[in-house]
Amino acid sequence: MTEVHVHEDVLKANDTFAEDNRRDFEAAKVSVVNLMSSPGAGKTSLLERVLPTLDVRAGVLEGDVQSSIDADRISSVGVPVSLVNTETTFAGECHLDARMVRSGLGDLSLENLDLLVIENVGNLVCPAEFTVGEHRRAMVFSVTEGEEKPLKYPLMFRSCEVVFINKADLLPHLDFDMDLFRDNLHDVHPDIEYHLMSARTGEGSEAFASWLTATPAR
Ligand SMILES: Nc1nc2c(ncn2[C@@H]2O[C@H](COP(=O)(O)OP(=O)(O)OP(=O)(O)O)[C@@H](O)[C@H]2O)c(=O)[nH]1
Ligand SMILES: [Mg+2]
């Protein structure tokens with residue numbers, strides 16, 4: 001019972017920071033996407049490929065437990081980036097919450113951006129619980145992860161409005177059953193939008209680009 005109350009308090013405190021973030025995003029007229037997935041599904045690879053091609057000013061807030069590897073990758077394709085390492089100040093948390101996102105906003109000039117993508121820490125559980133002030137949520141799912149994942153991690157699949165099904169180039173080498181995956185996906189989130197992608201070949205890049213740029217700022 002006490003545990004439940006503590007969790008509720010944590011989420012309530014998070015909501016206050018999320019409202020502050022949202023106010024700043026809207027004042028700067030920047031659309032904000034919270035991009036989530038399990039570790040290694042291909043979030044950074046898709047962003048590297050697609051963000052430099054957009055005709056809007058895009059930036060990234062990178063969430064990682066440790067290292068600047070992903071932030072360096074984003075920076076090397078010419079996209080402004082801010083890094084939040086949870087290990088440094090936030091007890092190595094396995095997700096980004098609204099306060100952590102807030103701590104990284106100072107390194108970005110929001111007024112110079114139209115789109116901010118928050119690359120959350122790779123994890124299919126905790127990130128879904130914490131709103132960070134974003135306008136929309138998306139997830140990247142890799143075909144190497146298994147058809148049953150929507151059934152095992154329903155909150156994540158339910159909390160996103162679109163799934164980018166990545167690593168399609170590997171399908172010929174796998175026994176991944178796309179129909180079964182779609183059935184499982186629709187069991188937990190009927191009518192959810194999804195697109196088949198490959199950060200390797202570029203398949204689906206247009207769908208990703210147009211979803212990102214359709215994100216409303218207000
Ligand atoms: N074959 C193939 N490999 C891919 C694709 N997308 C990403 N990868 C590889 O998958 C690995 C992980 O990709 P990342 O883009 O780092 O994944 P991530 O989701 O950002 O990972 P974390 O930030 O650690 O959670 C890398 O070795 C990529 O080269 C794809 O479409 N096809
Ligand atoms: Mg990454």
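Just so you know, ligand 1 is whichever comes first in the structure, and atom 1 is the first atom listed for that ligand. All of these numbers come straight from a predicted model, not from anything done at the bench.
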Just wondering, is there an N, O or S atom on [X] that's nearer than 2.8 Å to the Mg ion (ligand 2)?
X: Asp64; value: no
X: Asp70; value: yes
X: Thr44; value: yes

*asked:* Between ligand 1 and Gly40, is the shortest N or O to N or O distance under 3.5 Å?
replied: yes
*Examine Asp64 against ligand 1 and note whether any of their N/O atoms are separated by less than 3.5 Å.*
no
If we set the cut-off at 4.0 Å for heavy atoms, which region of [X] has an atom near ligand 1: side chain, backbone, both, or neither?
X: Met36; answer: neither
X: Val121; answer: neither
X: Ser37; answer: side chain
X: Asp169; answer: side chain
X: Asp70; answer: side chain
X: Glu48; answer: neither

*Name the closest protein heavy atom to atom 29 (O) of ligand 1, giving the residue it belongs to and the distance to 0.1 Å.*
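Protein heavy atom at minimum distance: Arg200 NH2, 3.1 Å.
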Taking the side chain as every heavy atom from C-beta outward, state whether [X] and [Y] have any pair of such atoms under 4.5 Å apart.
X: Leu212; Y: Val50; value: yes
X: Met178; Y: Leu196; value: yes
X: Leu115; Y: Arg57; value: no
X: Glu87; Y: Glu93; value: no

Short side-chain donor-acceptor distance under 3.5 Å, [Y] and [X]:
X: Glu161; Y: His189; result: no
X: Glu62; Y: Ser82; result: no
X: Ser37; Y: Lys43; result: yes
X: Asp169; Y: Thr201; result: no

*When you measure from the Mg ion (ligand 2) to each N, O or S atom of Glu119, which atom gives the shortest distance?*
OE2
*Hey, which of Trp211, Phe141, Phe164, Phe208 is the one that makes ring-ring contact (aromatic ring centres under 6.0 Å, His included) with His195?*
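Testing each of Trp211, Phe141, Phe164, Phe208 against His195, the sole residue satisfying ring-ring contact (aromatic ring centres under 6.0 Å, His included) is Phe164.
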*Just going by heavy-atom distances, which of Ala41, Ala199, Ser45 is nearest to atom 13 (O) of ligand 1?*
Ser45
Give the numbers and elements of all ligand 1 atoms closer than 4.0 Å to a heavy atom of [X].
X: Pro39; value: 25 (O)
X: Gly42; value: 7 (C), 13 (O), 14 (P), 15 (O), 17 (O), 18 (P), 19 (O)
X: Lys43; value: 15 (O), 17 (O), 18 (P), 19 (O), 20 (O), 21 (O), 22 (P), 23 (O), 25 (O)
X: Leu170; value: 1 (N)

*Kindly state whether the ring of Phe181 and the ring of Phe176 have centres lying under 6.0 angstrom apart.*
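Between Phe176 and Phe181, which both carry aromatic rings, the centre distance is below 6.0 Å.
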_Are there over 12 heavy-atom neighbours, none belonging to Ile69, within less than 6.0 Å of that residue's CD1?_
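No.
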_Does atom CD (Glu206) have a neighbourhood of more than 12 heavy atoms from anything else shown, all under 6.0 Å?_
no
*Does some non-hydrogen atom of the protein lie less than 4.0 angstrom from atom 4 (C) of ligand 1?*
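Looking at atom 4 (C) of ligand 1, one finds that a protein heavy atom does lie closer than 4.0 Å.
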